[in-house]
Every structure is written in structure tokens, then in C-alpha cells.
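Side chains included, hydrogens not; waters and symmetry mates left out as well; all remaining heavy atoms used.
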Amino acid sequence: MRKLMWVTLGFGAVCGLCAYGVPSGWRLGLLAAAAGLAVLTGMLCKRRQGLRRAAAALLGCMLGLAWFSLFDRAYLRTADQLDGKTREVVIRAADFSYETDYGRAVNGTFRLEGKPYRLRAYLEDGEPLSPGDTLSGQFRFRVTTPEGELGGTYHSGNGIFLLAYQADTVETTPGQGKELRDLPARLRHWIQEILHTCLPEDAEPFARALLLGDSSLLDYETDTNLKVSGIRHVVAVSGLHVSILFALLTAVTFHKRFLTAAVGFPSLLLFAAVAGFTPSVTRACLMWALVLLALLLEREYDGATALSFAALVMLVCNPLVITSVSFQLSVASVAGIYLFAPGIQSWILSLFGNTKAKKSRFPRRIAGSVSITLAAMVFTTPLCAWYFGTVSLVGVVTNLLALWVISFLFYLLMAVCLLGAVWTDGAMLLGGIAAWPIRYVLTVARGMAHFPLAAVYTRSPYIVAWLVFVYVLLLLFLLRKNRRPRVFACCAVLGLCLALLASWGEPMLDSTRLTVLDVGQGQCILLQSQGRTYMVDCGGDGDEAVADIAAETLLSQGVSRLDGLILTHCDRDHAGAAENLLSRIQAELVILPASGTAPENADGKLVYADRDLTLRFGTAALNIYVPTFPGSGNETSLCLLFDTENCDILITGDRSAFGERMLLRREKLPEVDVLIAGHHGSKNATSEQLLQCVRPEIVCISVGENNPYGHPAEQTLTRLAEFGCQVYRTDENGTICIRR
């Protein structure tokens, strides 16, 4: 059965290649090549195990190519035809609607050319929707597959291939009754209501995330603490939660295999449905279903084969599930545990020395917990580094401190829900008890996340180089017969120390450093000179994402506290992420316009600039110019001149040509080395008068790709070319760093 593992590897690899960009025209040729190689290796593999594995993998490649092409032609291309078009359709709500920044959204289904499709509909403000309600009207569609104009989104990995945006008036028809297919969504909603009623306000978000995988109520600070401390996986329903549920099932059925199977199969199906059939929980439930089947048939259970079977079933149902981060992390963690946990556990137990200590329960539990955590990290660390830019260094310790309480807490929350169905007061009492272990877990996560060097970030190229070094070292370690884990560990730690020294020391080599962060359609700028670090604005595409970019850039340089945060104005694309940033990086000084609103968690000195300010340090000066006229809006943006010994930098916020003229009338500006283009390169900003006065050598434009405003405008780019400016854009160049 281990051949299934190699078939699945080939099948998944091909699905990944097709999903991430192999042109459809190449697939027939690749299929023929895979078939030819499979036949050739099959003829040669009678006596060589390695060739048999290669043949199985090539067979998987051939099957994967054939299946992906068939799935694409028969199913996905029908949806692709709707991309960018507006159609009148009837959508059936499959879940309860939820609020967004721009209205409401709901997951639903509709039929296209007789085929059922899942989609997510975005609506203007309206009445809440329930499962079974229908929406009739005009919708503009976007495809989430790689062939669409969006280039593929995370939705396709979850089986949602279309996004529908309300284009006209939509008529809502209430559902006629409670159908069986809506039971999981209604049950999930019922559990959410009980948790809302019976748990204290500070415990409810974590409880919902732990029990249902619904992390929508977790605030940014808590979510970041869980991520940095290395236990974010406990609030993403996965194998851990299914294992806890399975342990309960075997206990209540007294380990009777027929009774366990009779209760277990429907329980696993219901749990997966209530959790929304996310890739991680689906994978776990499929594997535990095989455990039940092995018990029922009294057959041996093989974990690697079960993982391969679960992954293959999911890929057959939706080949694009390979693009789901949840699927990748889930499969990677289990694969790492199967491959490396036994060896790591044996090595840890060998460190205890005497045989009696090895056999005692406590050392074995410690060794088991540490080995599982480390083994899971072998394959998940590169994925976390790629997708989230974060590698937790304290995850092993945090898991030791917190995971022991998760099983108890999971059962306690289930009891709250069951009791809440019949006795609300009793459930509230039990919910109050459950709040304390939740607070313990959150306290552990907060403490470990704020521990020095709790995590490292791939914003630093030196950390990326260290990760590559560690995995090359790991490969060499695994290839050796005489393995020395201590030597591997010491080399990895030494490499980390060197990477950190380089990350922290390199910025200090620059007299002046300007960093324009790539935050999409927004602005976030770092000004550094003579050991001081100031951030100008913090906003862009997504408040949480921008806060992560800003905080991780600073932490990668060893900066844990800003000398100042300056908001030119309080529009969301300039200040929306400031509050989230300040939950991770405190600022000694926060400066904003006189009409601005301060972030709630600004602990430093707060200054509302109603007159010009100058901050001097050494030979450098940061001049802040207030608007000529009071009020709000783009013309009241603060302007900044960062004057250092070898570089002058001018920032004008979102001021238009009028605001720039007001600045030039009041202030005598010098010629500058760098100008940050006003209003993201709008045609009405970065005027000829300003350029004539300051004569910048370099102009940086902070702008997002395919933004709806047409920034930067062709008129602006033409003006900059006429003045001989060297132009850098974040939408084309990414993060811009200028060093002097």
C-alpha cells in the first residue's frame, strides 16, 4: 500500500504545477511524456525498489495530468466564461450571512449550464440571510481559478470558484423550510449563539475559534500573539481537534469496535460539516475514518497510507485544493510527524541518561510532545515562512505550556454547548469556569510572543539565507549514516546568531536610510538616521496585513520601539493600520494633524500638530509643516522634510497642487534628493511648481497594482520624466530602500 504514497505524490505535484501556472496547452505533451516515462520505468523496475517508486510517482503524474485536464475542461472552464461578466442569476444561501466593510457577504450555490457551483456573494446593506434563502438579481462575477483575471485566489482551494458582486437591486426570498443539507450551518450558528450567551466577552472569540475554527472575532493582537508564539494551529480546526473528539468517542463507547464505528462515522461527518469542510478538518476526518475502518475489519492501520489516501481523495474532489494553505500545512505537519517524530523522541529520551528515567511517565510525555512539535515543524516551517513571513522560535516551549489544557478545554466547551441547549444558567456557570483555562492559554501566548526573539521574520534576507542553510544542513544530516543531532543543532543555532547580527547590524552601516514599504494602495515609510527610526503613515491594502509588514520590517532590524510615528492625515490608506502596529511596536511619540483621531493604544506622547515642528537629533532634523488652513481632507496633510547630512527627503502626503503651492508660499524648501510623490502619483499632485522648486533626483511612488484610481497618472509620470527624475514604484519594484 505504500505505493499509494508515491502515486499521491506524483498526482499532487502535477496538480500543483497546473494550478500554479503550467499553460493548458502544455498538458497534453506532459501527459505523453509522463506516460512514456512510467512505461519505461515500469519495464526496468522489477529488481530495483527505487525505480518502482519512480514508476508509481510517474503513474501519479500521468493520472494527475489527465484528471486535472478533465476537471478543468468539464467544470472550471464553464465558470471561467463568467469572469468579468454581469448576469441575472438565482443564488441559494448555504450559510448565514456576515457583515463586511462594504455590506454583507454569504456563501451560496447556483447552477450554471446544469452544473452546481459554490460561490461567495457580496451584497450591499440588507437584511441578514439564513441558509435556504434565495437571491435573485444582477451580479457581476469574478473567477477565483488561475485562468481568471484575478490570477487565482485562496477561495478556489476551498471549492469556491466564483465571487458574485451585487450589480443591481436583488430580491430576497426566505427559505421554505429547514432542509437537511442546512443542518450543519444551523448547528454551527446555534453553537455560536450559545457561546455568545454563556461565555464572558473576553473568552468567546477564542472559544469559537477552538471549537469551530471561526477566528473572525479574534482581534489582531490576540491573533498575532498566537502566531508568533507558535500555537496558531489550535484555533484552526485540524487533526488536533479531531483527535480530541475521537478520544472522547472511544471513551464513551468503551472501546467497543462496532459501537465505536457506528457512532464514529456519522460523528466525524457531522463534525467536518459543522466546521465547514475546511481542507485541514476534512483531511483529519478522512484519516480517522480509516482508523475506524481498520478497527472494524481488524486490519493494520498505516498512517502514511492513510494520509496519502486522504490527500488523494481531496485532490480528486477538487484538484485546486493543492493551493489551499490549510491543506498544505495540514498534510505537511502530519507527514513530518510520521517521518521524524519517532527518531526525535528516541534522541530526546537518550539525553535523560539512565534507563529508569527513560521509562518514567513524565520524561516520555515531554519527549513525545517536543518530538511531535519539532517533527511537524520540519515541513511546515518553510510554508509558514513563505506565506506568513514568520518563523516562531518559542513554539516548542509554548506548546508544552499550553497544549496540555486544550483537550480539557475542548471537552468543557462541548459541555457548555450541550448544557446550553437545556439550561442556560447552568451553561453560563460552566462557561465562567471555561473562561479561566482560555485566559491561561492567551496569557501564555501573550507572554511568549513578547519574549525576546520569540520569532524571526523573512523580511530580512539574512533570515531567508539562514533557513536555506538549515535545510541544506538537514538534508546532509539525513544522508549521513553516522548522524550527530547535537552538531546539527549547534550549527543551526550558530547560523541563526550570525543571521541576526547581520540583520540588526546592516541598517546601522547607513548614515541615512529611506524605506518605502510595499503596502499596496497606501503609504508606509521608514526614515532612519543616527540610530533614530521614524515611521511616516501606516495604511494600505488591509489594516492587518500592513501592520504585519511594518512590524516585521522593524523587528527584522532589531527595532522594537519607534522614536516616532507621524500620520500625515487620517485616511485609512495612510493611518488604518496604525492601531494594529502599535499593539506590536510602541512609539515614543505619535504626531498627527490637529483634526486627526489618535489610535486607541498610543502609549507614547501624543502631539496634535497645530503649528510647525522640528525634531533634531545630532546633525539631522525632521521638519513637520502643518497645513495653511484648518479642516480635514487631503489638503490638510502634514508635510515632512527629513534633512540629514547627506540626504534630504520630502513627503507631502496627499496634498494636491493647491496644497503644494500653499507649502511653497510659506516655506523655503531646498533641493531634495528624494521626493515621495503626492497622493500616490495622482495627476493633481507632484505639480510642476513643486518639481521646479525641489528638483528631486529620485521620486518614489507608493501605489497598489491595478488600483481603481488610475494611479500613478500618465500626466504625473510625464512631468517626472521631463525633470529627469529617476522613478521607483512599489507596484513594480516592491519595497524601495534608498541608502546613503
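Residues Leu195 and Cys417 meet the side-chain proximity criterion, which asks for heavy atoms closer than 4.5 Å.
With hydrogens and angles left out, the side-chain atoms of Thr253 and Thr260 include a donor and acceptor closer than 3.5 Å. Counting only N and O atoms by type, the side chains of Asn399 and His233 include a donor and acceptor under 3.5 Å apart. For Ser460 and Ser503, the side-chain atoms include at least one donor-acceptor pair closer than 3.5 Å. Under the 3.5 Å distance criterion, with hydrogens and angles disregarded, no donor-acceptor pair is assigned to the side chains of Tyr338 and Asp302.
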**Request:** Test ring-ring contact (aromatic ring centres under 6.0 Å, His included) on Phe246 and Phe271 and set out the steps.
**Result:** CA-CA 11 Å; Phe246 193 82; Phe271 183 74; over 10 Å; no
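With hydrogens and angles ignored, the 3.5 Å screen pairs a side-chain donor or acceptor of Thr373 with a backbone N or O of Ser369. A distance-only check finds a donor-acceptor pair linking the side chain of His241 to the backbone of Ser238 [under 3.5 Å]. Without hydrogens or angle criteria, Thr381 side chain to Val378 main chain gives no donor-acceptor distance under 3.5 Å.
Atoms CZ and OG, from Arg232 and Ser215 in turn, are 4.5 Å apart once rounded to the nearest 0.5 Å. Interatomic distance, CZ of Phe68 versus CG of Leu315, reported as 10.5 Å (0.5 Å rounding). To the nearest 0.5 angstrom, Ile160 atom CD1 is 12.5 Å from Leu320 atom CG. A distance of 7.5 Å separates CG in Leu245 from OH in Tyr411, rounded to the nearest 0.5 Å. For the atom pair CG (Leu474) and CZ (Phe488), the distance works out to 4.5 Å, reported to the nearest 0.5 Å.
Using a cut-off of 4.0 Å between Lys/Arg side-chain N and Asp/Glu carboxylate O, Arg188 and Asp214 are scored as not salt-bridged.
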